[in-house]
Amino acid sequence: MTAFDYLQAHPGLLIVLASILGLLVGSFLNVVIHRLPVMMEREWTAQCRELMAGEGGDAAQDLKPHLAEETFNLAVPRSRCPKCGHAISALENIPLLSYLWLRGRCAGCGVRISPRYPLVELTSGLLCAVLAWLWGATPALGLLMLFTWTLIVLTLIDYDHQLLPDSLTLPLLWLGLIANAFGLITDLQSALWGAVFGYLTLWSVYWLFKLATGKEGMGYGDFKLLAALGAWMGWQSLPLIVILSSLVGALIGATALALQGRDRSHPIPFGPFLAIAGWIALVWGDQLIALYWQWIGGY
């Protein structure tokens, strides 16, 4: 019996292993969420400096020269406390357990650690457990976990910076098409048109809103994210995703206004709502559609 067969015969063990893997990867997701926008800013700054230096401009010297001095990527430097610079050891970086052991504070200076770090780890672990429960030890499981991790990163980067990086949305789109070339989630034709219609749907909304108001209601990253979701789940899923994202956005937006008194003029990114709606549609889409038709049939 192979390990794959063993996990198929013991779904409980698979769920436990998937949740542990989700916790471990969740710790790395925190690194990506924090560092990827900084890496992008450094790259943009370097390009601007090169362009302005090539044109003989002195202003290039004012473009944050310190950003290019230190090597900074997803692996280097080691994670450290932003307050005191204390390097985080392996024992201080165990998902969830280290946060509880340290009581949510830096071991070096005692400053409070944001609870978002363990929440990201916990979310990753729980979502991976749900995927393992529903899909079992199948070829689709690993890809769906990667899909989920990418959505978590996109959600928080967009929340923090109003940015959906092409380095995440475009690979997610292509991976969805490749996965469905083998029919892992849906058929390739549905995936292809899902990507096309996903992009065009929000592109059309963007231009209608801009022509009507003269303002930009969303960014191009939202188009690409919905296209990626369509590539994973097919064009049939797009109406449900759009409806769910609107409902999730209304719920979260109203809650934020009530609890935090958020400035109504401050833009609320749409990417997190799309990501949450896309994951819900992936996991419970068929049940939600069946429930809807059952409700309609009752009238």
Side-chain angles (χ1 to χ4, degrees), residues 140 143-144 146-159 161-181 183-254 256 267-293 295-296:
L143 289 174
L144 290 175
L146 183 58
F147 170 82
T148 299
W149 294 328
T150 306
L151 290 186
I152 292 173
V153 172
L154 286 169
T155 294
L156 291 173
I157 288 180
D158 199 27
Y159 178 81
H161 303 281
Q162 288 74 57
L163 175 69
L164 292 169
D166 286 352
S167 57
L168 295 175
T169 56
L170 297 182
L172 187 66
L173 188 157
W174 284 109
L175 186 58
L177 292 176
I178 293 171
N180 287 319
L184 292 183
I185 312 298
T186 186
D187 60 273
L188 181 58
Q189 186 174 11
S190 294
L192 174 62
W193 289 113
V196 172
F197 291 139
Y199 189 92
L200 291 179
T201 296
L202 292 187
W203 180 87
S204 301
V205 172
Y206 168 88
W207 280 108
L208 287 173
F209 184 83
K210 187 171 184 179
L211 290 173
T213 66
K215 301 178 181 178
E216 296 183 355
M218 62 182 66
Y220 277 64
D222 297 317
F223 314 164
K224 298 168 190 175
L225 177 54
L226 187 56
L229 296 175
W232 277 85
M233 291 172 274
W235 63 268
Q236 299 91 337
S237 67
L238 293 176
L240 178 62
I241 293 173
V242 172
I243 292 172
L244 284 176
S245 64
S246 300
L247 292 176
V248 170
L251 179 62
I252 295 178
I268 299 177
F270 192 52
F273 308 144
L274 281 175
I276 295 170
W279 198 87
I280 293 173
L282 171 74
V283 177
W284 293 294
D286 292 339
Q287 293 89 330
L288 289 173
I289 292 173
L291 184 63
Y292 170 78
W293 287 115
W295 178 69
I296 290 294

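Quantities reported herein were computed from a predicted structural model and do not represent experimental measurements.
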Colleague: Which pair of non-hydrogen atoms, one from M233 and one from G278, has the smallest distance, and what is that distance?
Modeller: CE-O, 3.4 Å
Colleague: So, using side chain to side chain contact (heavy atoms under 4.5 Å, CB included) as the criterion, who are the partners of L177 when residues are at least two apart?
Modeller: L173, W174, A191, A231
Colleague: Under the side chain to side chain contact (heavy atoms under 4.5 Å, CB included) rule, collect the residues that match up with V248, sequence neighbours excluded.
Modeller: I252, F273, I276
Colleague: L154 and side-chain contact (heavy atoms from CB on, under 4.5 Å): which single residue from I157, T150, D158 fits?
Modeller: T150
Colleague: Check ring pair (Phe, Tyr, Trp, His ring centres under 6.0 Å) between F270 and all other residues, then give those that pass, not counting sequence neighbours.
Modeller: none
Colleague: If you look at every heavy atom in S245 and A277, which pair is closest and at what distance?
Modeller: N-CB, 3.3 Å
Colleague: Which pair of heavy atoms, one from A179 and one from L143, lies closest together, and at what distance?
Modeller: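 Result for this residue pair: CB-CD1, 3.7 Å.
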Colleague: Under the side chain to side chain contact (heavy atoms under 4.5 Å, CB included) test, which residues partner A250, sequence neighbours left out?
Modeller: none
Colleague: Can you tell me how far apart CG (L274) and OG1 (T155) are? Round to the nearest 0.5 Å.
Modeller: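 Result: 9.0 Å between the selected atoms.
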Colleague: Atom CG in L188, atom CG in L184: separation rounded to 0.5 Å?
Modeller: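 Output value for this atom pair is 11.5 Å.
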Colleague: Going by the salt bridge (Lys or Arg N to Asp or Glu O under 4.0 Å) test, which pairs reach into residues 198-208, not counting sequence neighbours?
Modeller: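 Applying salt bridge (Lys or Arg N to Asp or Glu O under 4.0 Å) to every pair that reaches into residues 198-208, excluding sequence neighbours, yields nothing.
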Colleague: Please tabulate, for the side chains in residues 234-242, all donor-acceptor contacts under 3.5 angstrom to protein atoms that are two or more places apart in sequence or on a different chain.
Modeller:
| unit_1 | atom_1 | unit_2 | atom_2 | d |
| --- | --- | --- | --- | --- |
| Q236 | NE2 | S190 | OG | 3.2 |
| S237 | OG | G234 | O | 2.7 |

Colleague: What pair of heavy atoms forms the shortest contact from W232 to T186, and how long is it?
Modeller: O-CG2, 3.9 Å
Colleague: Taking only residues at least two apart or on different chains, which pairs with a member in residues 184-211 satisfy salt bridge (Lys or Arg N to Asp or Glu O under 4.0 Å)?
Modeller: K210-E216
Colleague: Can you name the nearest heavy-atom pair linking S167 to P171, along with the distance?
Modeller: O-CG, 3.2 Å
Colleague: Got a sec, which pairs hit salt bridge (Lys or Arg N to Asp or Glu O under 4.0 Å) with one end in residues 224-243, sequence neighbours left out?
Modeller: D166-K224
Colleague: Can you list, pair by pair, the side-chain donor-acceptor contacts under 3.5 Å of residues 196-205, counting residues two or more places apart and other chains?
Modeller:
| unit_1 | atom_1 | unit_2 | atom_2 | d |
| --- | --- | --- | --- | --- |
| T201 | OG1 | F197 | O | 2.6 |
| S204 | OG | L200 | O | 2.8 |

Colleague: One pair to check against side-chain contact (heavy atoms from CB on, under 4.5 Å): L151 and L229. What are the steps and the verdict?
Modeller: CA-CA 10 Å; L151 290 186; L229 296 175; 4.2 Å; yes
Colleague: Not counting sequence neighbours, which residues clear side chain to side chain contact (heavy atoms under 4.5 Å, CB included) with T148? List them please.
Modeller: L127, L131, I152, W279
